[in-house]
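Here the structure is laid out as structure tokens; the discussion comes afterwards.
For ligands, and for the atoms within them, numbers begin at 1 and follow the listed sequence. We count residues from 1, following the sequence as given.
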Amino acid sequence: MSKHLLKQFLIQVWARFLYHTGAWRLVDRLAPRRLLILAGHCVDDPLVNGDLPAHLRIQPQHLESLLRALGGRYPVRTVAGGLRTLADPKGPRGVVALSMDDGYRDNLTALPQVLAATNAGCTVYLESRVLTDGRTNWGHEFFWLLGRGRDSCEAFARSWVEMDDSSEAGLLFQDLLSRGAADEYSIKKVLKYHCEPKQRDAFVRQRFEAQGGDGAGLCRRIHLDSEGVQEMLGSDVGAASIEAGGHTRTHEVLSSLSAEDQAQEIGGGRRDLEELFPGACGATFAYPYGRAWDFNPDSKAAVRAAGYEAALTTMPGVVTQDSDLYALPRFMIDDSTQLHMLVAQAAGGFLLLRRRT
Ligand SMILES: [Zn+2]
């Protein structure tokens, strides 16, 4: 068994032990106070998000059962609410927050019902160009093209090379083709990290349109527009609550941009949201993609300068009182997420291990 598999196995055994024996209650008292922030994208609604990859979606029934079971143990808040609870010396030992990235339409059509049924709060992180210009980022046009086989990976890479065989991306695509390794994952990686953004956006858009894609229509189908966001923020969710948060203007990998361009993406995105939703643009921000290499110290400085109180990554972990407020970890959820793992995380089961070793 490889080291990675062994580690995964031990994590599973520990989480199941804590959950099934009730030992999570003891761990909860011993572990430092904590906030577990869950991160999702779409609540599955085939009419609006059927084109998106499965790892971005969670069935409403599954989300509801996770939130109901967690909610029986810990309060489930918005991200700002979770941070306030963590900072309150009289607060509970553990708190959970839910977050959904990118402002998908199902956050209005399917999410509020789940929140109302479970008394859970949620923060929805919004990409502002979707709201101001009705334009989604290149990634969704790319999913539309390749995810349903409307375009082939080989043809996509070959066509890029015909246009450009000398840039870093051009050379990488040639290499992928020569090794027969031009699959969706590898192509996406080149597009994300090794391209000039304007060139990439124009190329993807042109192939998308050549296959009959309608950019404005796709954006409208999968994302909320500003009226939809207003409606979502005003939804009747009973004792629960929904708040907005910032997620840049165009969902670019921030670490690939200059400090000035990052300030435009982050600060400009916040101004857009403030104009659209005065007083309700949210206090927290989520880095697009969110891995450690997707943002840098300039991103953190721009988030702070824009007036956000905290920023979230997609690096796994649990927030404690000594976490870096501008690089908070989250725990990704989808249909494969298991309750025992969330309970073990929320109880601080893994924080305790880290402290003892
Ligand atoms: Zn995102």
Distance-only donor-acceptor check, side chains Asp164 and Trp160, under 3.5 Å: yes
Donor on one side chain, acceptor on other, Glu127 and Asn137, under 3.5 Å: yes
Qualifying ring-ring contact (aromatic ring centres under 6.0 Å, His included) pairs with a residue from residues 224-273, counting only residues at least two apart or across chains: His247-His251, His251-Tyr289
Donor + acceptor pair across side chains of Ser186, Asp183 (<3.5 Å): yes
Please table the atom pairs, donor to acceptor, closer than 3.5 Å between any side-chain atom in residues 299-309 and protein atoms at least two apart or in another chain.
from, atom 1, to, atom 2, distance (Å)
Ser299, OG, Gln262, OE1, 2.6
Ser299, OG, Asn296, N, 2.8
Ser299, OG, Asn296, O, 3.1
Ser299, OG, Asn296, OD1, 3.1
Lys300, NZ, Asp324, OD2, 2.5

Polar protein atoms near the Zn ion (ligand 1) [N, O or S; cut-off under 2.8 Å]: Asp102 OD1, His247 NE2, His251 NE2
Set of residues satisfying ring pair (Phe, Tyr, Trp, His ring centres under 6.0 Å) with respect to Phe208, sequence neighbours excluded: Trp144
